[in-house]
Enquirer: 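Here you go, one structure.
Below, each value reflects all heavy atoms present in this structure, side chains not excepted, and no hydrogens, waters or symmetry copies.
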Amino acid sequence: MKSLPARLALLAFVPLAFAPLACAPADLGRAGNPDAVAAAMRRSDAPAAKPVNQAGRPLVYLALGGPKGARLGAFDLAQSRLLWEVPARLTGRAVAGASIVVHADGSALVARDVTSGAPRWRTEIADGQTLVGYAVDGDAVYFVARRGNELRGGEAELVALAGGSGGVRWRRALGTANVGGPAVRGGVVAVPNRSQFVSLIDGENGAPLAQALSKEQAANFVEATPEGMFYGYGADGAYLLSSETAVGVRSSPGFLRAKLPAFVRPVYHFDMYKPELMNHSAIDRNRLLWRAQVAGPRARFAGDSVCVLNYRFFFGFDATSGDLRWAYSHPLVEAASAAHTGAAIVFVTADGELGALDPRTGRLTYRFRLPGGDVVTGATFDAEGHAPVGGDVPEGPSLSGALSAIVWDPDRRFAEVKIFALDELARLPGRDVTADLLKVLSKADLPPSVVKRAASALVERKDTSAAPLFVDAIRVHSDYATGVTSANLDVLARAAGALRAREAAAPLAEHLRLPETEPAAVLEIARALVAMGADETLPALRDYLAMYRADPIYEGNPAPLLAVADALVKLGGAREREWLLYVSEEPRSLAALREYARHALAQTAAGAASSPSKAGAEPTPPR
Amino acid sequence: MNNVFRLAVAFGALVTVTPARPAGAEPVPRAHGFVRTGSIAQGRKAPRPARPRLGADALDKVRDLLAGNDQEVIAATAKALGESAAPNAALPLVEMLVVGTRPSAAIAALDALKKLHDPMSIEILTLYAGNRGATVRRQAVRALGAFSDTRVVPTLMDRLGDTAPDVRAAAADALAVRGEKAAAPRLLALLKHNDGGAAAPLGTIAPVAMLPAITELQGGIDDGHLATTLGEMVKRHDVAEPLRLDIVKTLARIPGAASTTALVEYVGTLAGGDAHASKIEAQKIIDDRSKQ
């Protein structure tokens with residue numbers, strides 16, 4: 001502890017004061033006592049659903065970078081203007097108070113005036129201590145610092161500072177160095193500790209009030225919202241802090257966990273045990289944005305929905321079913337930070353564009369670009385209850401349009417997101433969607449996993465209205481001179497066969513006469529022609545078999561030849577049977593083809609005898 | 001073993017073909033020709049009066065040899081047929097290709113058909129121009145190139161887009177020999193891909209209006225290819241002064257042996273007394289380069 005000057009101006013280094021301490025040994029109370037937790041929460045005055053700053057303005061505190069250096073700025077969302085910006089080094093995110101905004105700067109906490117950004121005070125953390133986290137309630141500031149080994153022999157304390165001066169009001173030893181940063185709501189401070197506990201402490205004097213225990217999972221965060229306090233494990237879910245969750249189990253009515261698709265990495269909150277996450281990080285760009293509706297000890301997700309932020313993509317999901325409700329794709333630049341104000345999803349991009357989405361529909365309702373080309377490294381939103389509107393807001397696309405935009409996004413990093421968007425797109429009806437999926441097949445620069453998924457979706461959706469689109473795609477022939485490639489012909493054939501699109505038969509048969517047609521495509525073409533009953537393609541099938549029946553190129557994988565033979569049996573008549581008989585006996589034919597032809601003819605002999613013009617029962621390929 | 005298979009191979013008529021039989025087995029009826037329906041070649045054409053036709057026994061013998069397992073015998077038989085110039089020499093070769101054979105035999109047959117120029121083979125050559133084997137395709141394209149028949153043009157044009165460079169080159173050469181000006185845009189596209197096989201053919205048939213597009217390629221393709229194309233263009237009768245002078249000056253800006261060769265060849269095509277500016281300029285460049 002540093003020595004004190006007697007009285008000093010408020011704007012200066014304000015070392016830690018020798019304030020009266022709650023120096024008693026750590027006594028965090030019996031864990032899991034529902035009455036104690038209930039009593040503690042009754043003390044916690046629910047804050048109003050409005051911004052905490054004393055002017056009640058919807059503000060965004062922006063951590064700025066770029067050529068002008070590190071700065072902190074304040075932007076008014078209602079007036080769409082930057083109120084102030086000041087040089088400032090932020091090593092921890094800005095936290096909003098009534099008349100101050102507080103942030104970490106190395107080993108110190110700095111408070112700045114909300115109206116001007118001017119520094120009010122600076123309080124250094126004691127030597128040897130590590131700042132773990134901090135919170136603000138009105139103008140009361142609380143921080144947790146630890147010293148020594150986190151798990152063995154170290155110690156930590158919760159310290160309350162006066163918002164006006166930064167002077168210490170009280171300290172509370174926490175009895176363990178295994179602690180996370182605090183949250184505070186209505187005069188009650190919550191501190192996660194010892195992995196599974198959440199201690200509730202009176203913000204007025206540091207007296208312990210209660211402890212909650214997360215029984216089934218660690219608890220690495222606690223969050224204060226107007227609806228209540230929530231704790232939990234960031235990747236798992238959140239408990240509404242109440243008597244029912246004094247011992248938190250997932251079956252509690254106050255437990256929240258959304259059903260989400262596989263590509264989502266659920267992050268309900270960052271890990272408050274990690275001091276490095278005090279500052280903005282990649283977690284701010286890839287996380288869940290959620291709010292709750294509370295009725296007594298029961299909680300549900302507000303609107304029964306959660307928003308998934310994945311860098312540039314926002315998705316609204318039904319929290320119960322996991323169904324996609326909406327999608328928004330921000331062009332080019334990812335969101336640096338975002339928040340759910342209760343009325344809107346607000347975000348700011350790394351290149352200084354502010355935006356807001358309607359959390360029910362995903363529609364963009366607000367857009368504003370900061371002047372000056374600043375780089376935004378993070379933001380804190382003091383905009384509770386506010387839904388910004390205005391700016392140059394373009395007409396939003398439909399869900400299929402939004403999903404299509406994600407699929408076609410040139411950024412190659414997001415294969416999983418693209419696959420998800422593709423899957424969702426494929427579930428939507430309509431010829432436009434089929435056209436989009438067909439376009440995916442022809443693009444060489446999309447990730448192979450995306451192309452493969454589009455292929456499956458095309459075959460599965462059986463969109464008969466899109467048969468002409470398939471025919472157009474099939475008519476594309478590879479050509480070195482023009483650079484055109486006939487991509488994924490096997491998929492097109494399979495899809496056309498599934499549709500029984502007879503008009504695709506002749507274009508498919510043309511490919512049998514082209515050298516660029518891969519064996520896999522030949523196999524699917526033969527099967528498709530059978531499915532279509534396209535006997536007008538028999539000449540092309542016969543020619544193919546004739547040309548390759550003795551070609552060693554098919555010795556390793558004769559499946560395409562066998563498929564063509566199969567097609568001749570099923571589509572053809574006596575002429576084709578005689579031809580296959582010749583193939584089966586002529587010694588130059590590949591052995592596997594001879595055997596297959598012999599077998600197919602034998603299997604279908606009875607049907608052929610009774611119906612000379614057509615082959616009979618379907619042959620079973622020899623194993 | 002001595003089974004006889006009566007076979008209608010998409011022809012609408014019966015063809016009798018026997019499998020290979022062991023020595024000493026009974027002789028069996030032979031193939032007696034075919035008629036095309038649907039997929040492949042026409043029936044026999046009228047014999048050419050200049051050479052005698054192959055008799056029935058000779059055809060049967062040839063068919064036997066072509067149906068054998070000895071690749072050397074097959075190749076020799078095909079070669080002999082190709083050099084025979086008999087009016088019906090193409091028939092057994094076409095038959096073999098119609099029913100299918102090994103690639104090596106197909107290549108020998110295609111080479112022979114190229115020499116025979118029998119129009120009945122156009123359709124089977126067209127089919128084999130689409131074979132997956134590049135060597136087979138190339139032989140088929142070369143054989144098609146021997147025909148003046150317009151039926152071969154679409155296939156030759158298609159093969160300009162082949163993935164194999166030697167197939168593209170064969171198609172390009174064939175189209176150039178035919179003077180097929182419609183091929184010029186595709187040949188230019190190939191030259192832009194730095195495809196050397198298109199260089200000379202393009203120079204042979206490119207319209208004069210295409211010259212600026214060709215000269216713009218300098219720096220983007222091999223100097224040798226550009227020099228070859230311009231070298232062919234400058235020699236053409238439909239390219240006159242002062243355009244020839246422009247081409248010569250362009251060649252002068254292209255370093256390397258190919259441009260020197262093009263200029264030397266150009267001068268070589270001109271009469272000794274020719275006093276056109278392009279010849280004078282070309283000779284000056286040659287002389288300067290020879291001093292370096």
Enquirer: For the candidates B/Leu188, B/Leu160, B/Asp162, B/Thr163, which exhibits the highest count of non-hydrogen atom pairs separated by less than 4.5 Å from chain A?
Expert: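 Maximum pair count with chain A is reached by B/Asp162.
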Enquirer: Would you mind telling me which of A/Gly483, A/Pro519, A/Ser478 has the largest number of heavy-atom pairs within less than 4.5 Å of chain B?
Expert: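 With the most close heavy-atom pairs to chain B, the winner is A/Pro519.
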Enquirer: As an exercise: rank B/Gly161, B/Ala198, B/Gly133 by heavy-atom pairs under 4.5 Å with chain A and give me the winner.
Expert: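 If we count pairs closer than 4.5 Å to chain A, B/Gly161 comes out on top.
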Enquirer: Would you name the heavy atoms of B/Arg132 and A/Pro515 that are closest together and state the gap between them?
Expert: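 In terms of heavy atoms, the two residues are closest at CG-O, 3.9 Å.
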Enquirer: Is the side chain of B/Arg102 donor-acceptor paired with the backbone N or O of A/Pro552 at a distance under 3.5 Å, no angle test?
Expert: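 Absent.
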Enquirer: Under a 4.5 Å cutoff for heavy-atom pairs, which residue among B/Ala105, B/Gly130, B/Ala134, B/Ser104 has the most contacts with chain A?
Expert: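 It is B/Gly130.
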Enquirer: Considering all heavy atoms of both residues, which atom of A/Ala550 and which atom of B/Pro103 are nearest to each other, and what is their separation?
Expert: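 Looks like O-CD, 4.1 Å.
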Enquirer: Taking side chain as everything from C-beta outward and backbone as N, CA, C, O, which of these in A/Leu514 sits under 4.5 Å from a heavy atom of chain B? Side chain, backbone, both or neither.
Expert: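 Contact with chain B: backbone and side chain both.
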Enquirer: If we check side chain to side chain contact (heavy atoms under 4.5 Å, CB included) with A/Met547, which of these qualifies: B/Asn131, B/Leu97, B/Thr101, B/Val136?
Expert: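 When side chain to side chain contact (heavy atoms under 4.5 Å, CB included) is applied between A/Met547 and each of B/Asn131, B/Leu97, B/Thr101, B/Val136, only B/Asn131 qualifies.
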Enquirer: At a 4.5 Å cut-off on heavy atoms, which part of A/Arg549 comes close to chain B: side chain, backbone, both, or neither?
Expert: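 Answer is side chain: those atoms of A/Arg549 sit under 4.5 Å from chain B.
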Enquirer: Taking all non-hydrogen atoms of both residues into account, name the closest pair between B/Leu190 and A/Tyr480 and its distance.
Expert: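 Nearest heavy atoms, B/Leu190 then A/Tyr480: CD2-CD2, 3.6 Å.
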Enquirer: What part of A/Ser589 is in contact with chain B, defined as an atom under 4.5 angstrom from a non-hydrogen atom: side chain, backbone, both or neither?
Expert: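 No part of it gets close to chain B.
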Enquirer: Can you name the closest pair of heavy atoms from B/Arg186 and A/Thr482 and give their distance?
Expert: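 Nearest pair, atom of B/Arg186 first, then A/Thr482: NH1-CG2, 4.0 Å.
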